[in-house]
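Below is one structure; the comments refer to it alone.
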Amino acid sequence: MYRIGIDLGGTNIAAGVVDEGQHIVAEVSLPTGAERPAEAVVADICRAAEKAMEKAGITAAHCASVGIGSPGTCDSANGVVVRAYNLGWDHVPVCRMLEERFHVPCRLSNDANCAALAEQVAGAAVGHDNVVLITLGTGVGGGIIIGGKIYDGMRGAGAELGHTLLVLDGEPCTCGRRGCWEAYSSATALIRQARQAAAEHPESLLAGAEEITGKTVFDAADRGDETANAVVDRFCDYLGAGVTNIVNALAPEVILIGGGISRQGERLLAPVRRYVEKNCFGGPEGAIPIIAAARLGNDAGIIGAAAL
C-alpha cells in the first residue's frame, strides 16, 4: 500500500506518493495562494494529491492514508489546524475535508514534527526512538520524537524550542519576548550578527559583500577573515547553548540540525558538539547525544506527513 504525504507551506503545497520503503515515488507542487479562503487552499491540496497519484499510476484505493504537515498549531487528535498565521487559518478541520474527498483516514501534525518523524523513520535518526530536530531558517523550529512518537504537547503547542530563553532581556524576538534562542541561532540572527560585525570592521570581507547571507559568512570565515570567523564562532556558541538546554531537559539519543545552514556540515557541527560536551550536565560523561545534520532536506515534509 502507498500513503499520501502533504507538505503545506505558506508558499507551496507539495504532495507526494510514498511507498512502504519510505520513498517518494511521485511528487507534485502547486502554489498555495495563502490569501485565499481555506476551502480554496484545501481544494488545491486535493488537486495536488490527485495529480501525484496520477503521476504514480495509482488511485486513492491504493492508499492506506493521507497525512498532512501544516505550519502553526495543530490539534492532531481531531485533525484541526487551530491557527496558522501565514495561511490565515483559524480552526480549519482539514482532515475531515480530505477524508470526505479521498475516503481514507487522514492524520495531521505540525510541519516541524513531520520533518522530525521523517528523519526518524527514513533519515539520519533511523533506529532511534528519542530524537529532536532543530531547523535553522528565518526562525528556529523544532520537532520532538519520544518513544518513537511525535510529542505535540498540550493543545499541540509543544516543541517551540526556538522560543526558549537564551539571554534575559536580550535581542527582540518575533514572538514579542526578548532573548529567545531564535533571536540568536536562526539564519536571520546570523545575518544580523554579521552585519553588525561588518559595520564595526570595515576591513572585513563581510563589509565588502554585496549581500550578506549565512553562506556569505561561512565562506568569508573559510577564507580566513578574522571578523567572519569570530561571528561564526559566536554563532556556534549560541547554537551549542540552546542544544545543551535540550540535552539537559530531554537527554535524547539524537539531535539533528536542519535548514540551509546545516549544509556547512562539520564547520557548524563540530563546535556545537564541543560546546555540549563541555557544558551539559555531567560534562563529557553525561548523556551526550549524537549531534548530526538532518539528511532528508525538502523531502522530509512529505515523508513525515505520510508516516503519520
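Because only heavy atoms are used, hydrogens play no part in the values below, and waters and symmetry mates are left out as well, while side chains stay in.
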How many angstroms lie between [atom1] in [X] and [atom2] in [Y], if you round to the nearest 0.5 Å?
| X | Y | atom1 | atom2 | value |
| --- | --- | --- | --- | --- |
| Arg96 | Cys106 | CZ | SG | 11.5 Å |
| Thr244 | Lys278 | OG1 | NZ | 11.0 Å |
| Glu277 | Ile288 | CD | CD1 | 5.5 Å |
| Ile145 | Asn130 | CD1 | CG | 9.5 Å |
| Leu108 | Cys74 | CG | SG | 4.0 Å |
| Asp75 | Ser109 | CG | OG | 10.5 Å |

Hydrophobic clustering (ILVMFWY, side-chain heavy atoms < 4.5 Å, transitive) - are [Y] and [X] grouped together?
| X | Y | value |
| --- | --- | --- |
| Leu133 | Ile261 | no |
| Leu205 | Val231 | no |
| Ile290 | Ile144 | no |
| Val80 | Leu87 | no |
| Ile146 | Val243 | yes |

Heavy atoms of other groups near [X] [atom1], more than 12 under 6.0 Å:
| X | atom1 | answer |
| --- | --- | --- |
| Asn298 | CG | no |
| Glu266 | CD | yes |
| Glu226 | CD | no |

Say whether, by atom type as modelled, one donor and one acceptor occur between the side chain of [X] and the main chain of [Y] under 3.5 angstrom.
| X | Y | answer |
| --- | --- | --- |
| Glu119 | Ala124 | yes |
| Asn113 | Ile150 | no |
| Lys55 | Val28 | no |
| Gln120 | His128 | yes |
| Tyr184 | Glu171 | yes |
| Asp7 | Ile13 | no |

_side chain to side chain donor-acceptor pair (under 3.5 Å) involving Thr135 - partner list, sequence neighbours excluded_ = none

*Between Phe235 and Phe218, what is the ring plane arrangement, given parallel below 30°, perpendicular above 60°, and tilted in between?*
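Judged by the thresholds at 30° and 60°, the geometry between Phe235 and Phe218 is perpendicular.
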
_Is there a salt bridge (Lys or Arg N to Asp or Glu O under 4.0 Å) between Glu20 and Arg3? Walk through the geometry before answering._
CA-CA 8 Å; Glu20 292 181 352; Arg3 298 180 188 273; over 6 Å; no

Less than 4.5 Å apart, side chain to side chain, heavy atoms only: is that true for [X] and [Y]?
| X | Y | result |
| --- | --- | --- |
| Asp129 | Glu253 | yes |
| Trp89 | Leu8 | yes |
| Ile134 | Leu256 | no |
| Leu206 | His201 | no |
| Tyr85 | Asp90 | no |
| Met53 | Cys63 | yes |
| Cys236 | Arg234 | no |
| Leu136 | Ser186 | no |

Which heavy atom in [X] sits nearest to a heavy atom in [Y], and how many Å separate them?
| X | Y | value |
| --- | --- | --- |
| Ser76 | Asp152 | OG-OD2, 3.3 Å |
| Ala52 | Ala26 | O-CB, 3.4 Å |
| Gly304 | Leu117 | O-CD2, 3.6 Å |
| Asp225 | Ala228 | OD2-N, 2.8 Å |
| Ala60 | Val104 | O-CG1, 3.9 Å |
| Gly240 | Val272 | CA-CG1, 4.0 Å |

*Worked verdict on Val18 versus Val25 for side-chain contact (heavy atoms from CB on, under 4.5 Å)*: CA-CA 6 Å; Val18 179; Val25 297; over 6 Å; no

*Give a yes-or-no answer on whether the side chains of Asn12 and Thr32 include a donor-acceptor pair shorter than 3.5 Å.*
no

*Could you verify whether a donor N or O on one side chain and an acceptor N or O on the other, from Arg83 and Thr73, lie under 3.5 Å apart?*
no

Mind listing the side-chain donor-acceptor pairs of residues 158-168 below 3.5 Å, one per line with the distance, residues two or more places apart or on another chain?
| unit_1 | atom_1 | unit_2 | atom_2 | d |
| --- | --- | --- | --- | --- |
| His163 | NE2 | Glu182 | OE1 | 3.4 |
| Thr164 | OG1 | Leu161 | O | 2.8 |

*Where do Cys46 and Leu98 land on the side-chain contact (heavy atoms from CB on, under 4.5 Å) test, with the steps shown first?*
CA-CA 7 Å; Cys46 295; Leu98 292 177; 3.4 Å; yes

Between [Y] and [X], is the closest basic N to carboxylate O distance under 4.0 Å?
| X | Y | answer |
| --- | --- | --- |
| Lys215 | Asp222 | no |
| Arg36 | Asp44 | yes |
| Glu50 | Arg101 | yes |

*Step-by-step side-chain contact (heavy atoms from CB on, under 4.5 Å) determination, Val132 to Val254*: CA-CA 6 Å; Val132 176; Val254 180; over 6 Å; no

_Face-on cation placement of Arg273 at Tyr275 ring, 6.0 Å and 45° thresholds_ = no

*Apply the test side-chain contact (heavy atoms from CB on, under 4.5 Å) to residues Ile6 and Val66: give CA-CA distance (whole Å), side-chain angles for both, the deciding distance (0.1 Å), then the verdict.*
CA-CA 8 Å; Ile6 310 290; Val66 177; 4.2 Å; yes

